[in-house]
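Have a look at the structure below before the remarks.
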Amino acid sequence: MSRVRVVPGGRAVEVEPERVAGWIGRFAERHGEIDVRVSGREVLVSAADGATAAFATRGGTSVEEVLEKLAEPRRIGLVLVRLGGHSVGVAFGERVEVSATDRKQVHGRIRAGGWSQQRFARRREGQARVALQAAADDVFRVLVPRLGQLDGVVLGGDRQALDVLRDDRRLAGVFKMAEDRVLDVPEPRRTVLDEAAERARCVEIVIQDTRATGPAAGRMDTGEGA
């Protein structure tokens with residue numbers, strides 16, 4: 001599972017809350033003098049060479065307060081879905097407190113033509129429908145009764161599968177609390193859910209590097225240092 005993803009105009013990297021202050025220091029070492037400002041619900045770090053890094057706050061009006069709030073443990077709902085499999089849970093800090101994981105058979109695509117292909121496609125659609133319905137049912141059963149206890153929801157897996165669940169009216173409250181990011185995860189299993197719980201507590205920092213020349217140009221800079 002990658003902790004770095006491409007976003008419009010740059011990259012996003014996941015950083016453990018307790019390491020954010022050190023990350024900012026290493027960002028300054030790589031990019032020169034920095035200016036750090038808290039603006040609304042965002043922290044913006046601007047460097048002398050034009051590079052920027054930004055991340056959402058979880059409260060606080062000063063950098064010190066923001067970092068303290070980021071380090072506080074949260075209770076997060078997790079929804080990991082791929083066609084044919086899902087894992088749903090609630091995690092406090094890195095520990096999963098309750099979960100549900102299931103896998104349904106969904107046949108892959110075939111290239112054969114004619115009537116047999118149409119019959120196979122209908123069967124596959126039916127299997128996918130059953131699998132996604134099972135995922136939606138588990139999200140409803142595990143997360144909806146606990147929404148009042150959650151500080152947020154983190155999604156993972158296949159965006160198209162998640163969009164199907166998003167259309168389920170029973171789950172409107174779950175997706176209303178969901179963060180914008182979608183974790184890149186393999187086939188959801190309980191071990192994958194445990195790893196997602198660790199990642200869910202991370203702060204996602206969006207980096208935009210304006211440098212276009214020099215030996216560092218084009219290099220994936222996460223601010224972590226060499």
Side-chain angles (χ1 to χ4, degrees), residues 1-5 7 11-23 41 55-60 66-104 131-132 134-166 168 170-206 222 224:
M1 293 186 289
S2 175
R3 290 178 178 253
V4 180
R5 67 185 181 94
V7 298
R11 298 160 302 284
V13 57
E14 298 170 11
V15 180
E16 291 83 354
E18 60 274 10
R19 297 182 61 202
V20 172
W23 188 96
R41 301 288 292 179
F55 56 91
T57 73
R58 297 170 187 166
V66 166
L67 294 178
E68 286 182 9
K69 291 289 186 181
L70 291 178
E72 293 177 357
R74 299 191 302 158
R75 182 165 279 106
I76 298 296
L78 299 166
V79 180
L80 312 181
V81 182
R82 284 197 174 279
L83 193 58
H86 66 270
S87 192
V88 182
V90 174
F92 183 67
E94 298 181 359
R95 184 174 67 87
V96 175
E97 299 177 317
V98 58
S99 67
T101 300
D102 195 11
R103 187 178 187 279
K104 304 290 185 184
L132 292 174
D137 290 344
D138 275 349
V139 174
F140 178 75
R141 178 173 59 85
V142 174
L143 295 189
V144 172
R146 298 175 171 87
L147 282 179
Q149 306 169 20
L150 300 182
D151 297 302
V153 173
V154 173
L155 310 175
D158 180 73
R159 290 179 181 271
Q160 290 184 333
L162 288 166
D163 285 343
V164 173
L165 269 62
R166 198 185 300 272
D168 190 320
R170 300 175 301 165
L171 310 182
V174 173
F175 283 92
K176 185 177 181 179
M177 297 184 68
E179 298 182 5
D180 292 336
R181 62 172 169 165
V182 175
L183 301 181
D184 178 21
V185 299
E187 180 181 331
R189 300 178 183 274
R190 175 51 202 265
T191 55
V192 175
L193 187 71
D194 290 336
E195 293 175 12
E198 297 178 9
R199 295 177 62 190
R201 64 183 293 271
C202 291
V203 179
E204 185 171 70
I205 303 178
V206 176
T222 64
E224 294 291 338

Any chance you could measure [X], atom [atom1], to [Y], atom [atom2], to the nearest 0.5 Å?
X      : Y      : atom1 : atom2 : answer
Arg5   : Arg181 : CZ    : CZ    : 8.5 Å
Arg189 : Thr191 : CZ    : OG1   : 7.5 Å
Arg82  : Leu162 : CZ    : CG    : 9.0 Å
Leu155 : Leu183 : CG    : CG    : 8.0 Å
Arg74  : Arg58  : CZ    : CZ    : 3.5 Å
Leu143 : Met177 : CG    : CE    : 9.5 Å

Check [X] against [Y] and note the closest heavy-atom contact, atom names and distance.
X      : Y      : value
Ala197 : Ala91  : CB-CB, 3.7 Å
Ala100 : Val142 : CB-CG2, 3.9 Å
Val174 : Val153 : O-CG2, 3.7 Å
Val7   : Ala12  : CG1-CB, 3.8 Å
Leu70  : Ala56  : CD2-O, 4.1 Å
Ile76  : Ala200 : CG2-CB, 4.2 Å

Completion exercise
Exactly one candidate in Val79, Leu78, Val88, Val185 meets side chain to side chain contact (heavy atoms under 4.5 Å, CB included) with Leu193; the answer is Leu78
Side chains of [X] and [Y]: closer than 4.5 Å at any heavy-atom pair?
X      : Y      : answer
Val15  : Phe55  : no
Arg170 : Arg141 : no
Leu171 : Arg166 : no
Trp23  : Val13  : yes

Exercise for the section: Could you please spell out the steps behind the side chain to side chain contact (heavy atoms under 4.5 Å, CB included) verdict for Asp168 and Phe175? Expected result: CA-CA 10 Å; Asp168 190 320; Phe175 283 92; over 6 Å; no
Practice task
Verify the neighbour count for atom CD of Glu187: are there more than 12 heavy atoms of other residues, nucleotides or ligands below 6.0 Å?
Solution key: yes
Practice task
Apply salt bridge (charged side-chain N to carboxylate O under 4.0 Å, His left out) to Arg159 and Asp163, showing your working.
Solution key: CA-CA 6 Å; Arg159 290 179 181 271; Asp163 285 343; over 6 Å; no
Exercise for the section: Look only at the side chain of Arg199 and the backbone of Glu195, and say whether a donor-acceptor pair between them is shorter than 3.5 Å. Expected result: no
Exercise for the section: Walk me through it: do Asp158 and Leu83 pass the test side chain to side chain contact (heavy atoms under 4.5 Å, CB included)? Expected result: CA-CA 7 Å; Asp158 180 73; Leu83 193 58; 5.9 Å; no
Exercise for the section: Please say which of Arg146, Gln149, Arg75 ends up in a side-chain hydrogen bond (donor to acceptor under 3.5 Å, both in side chains) with Glu97. Expected result: Arg75
Exercise for the section: Step by step, work out the salt bridge (charged side-chain N to carboxylate O under 4.0 Å, His left out) result for Glu14 and Arg19. Expected result: CA-CA 10 Å; Glu14 298 170 11; Arg19 297 182 61 202; over 6 Å; no
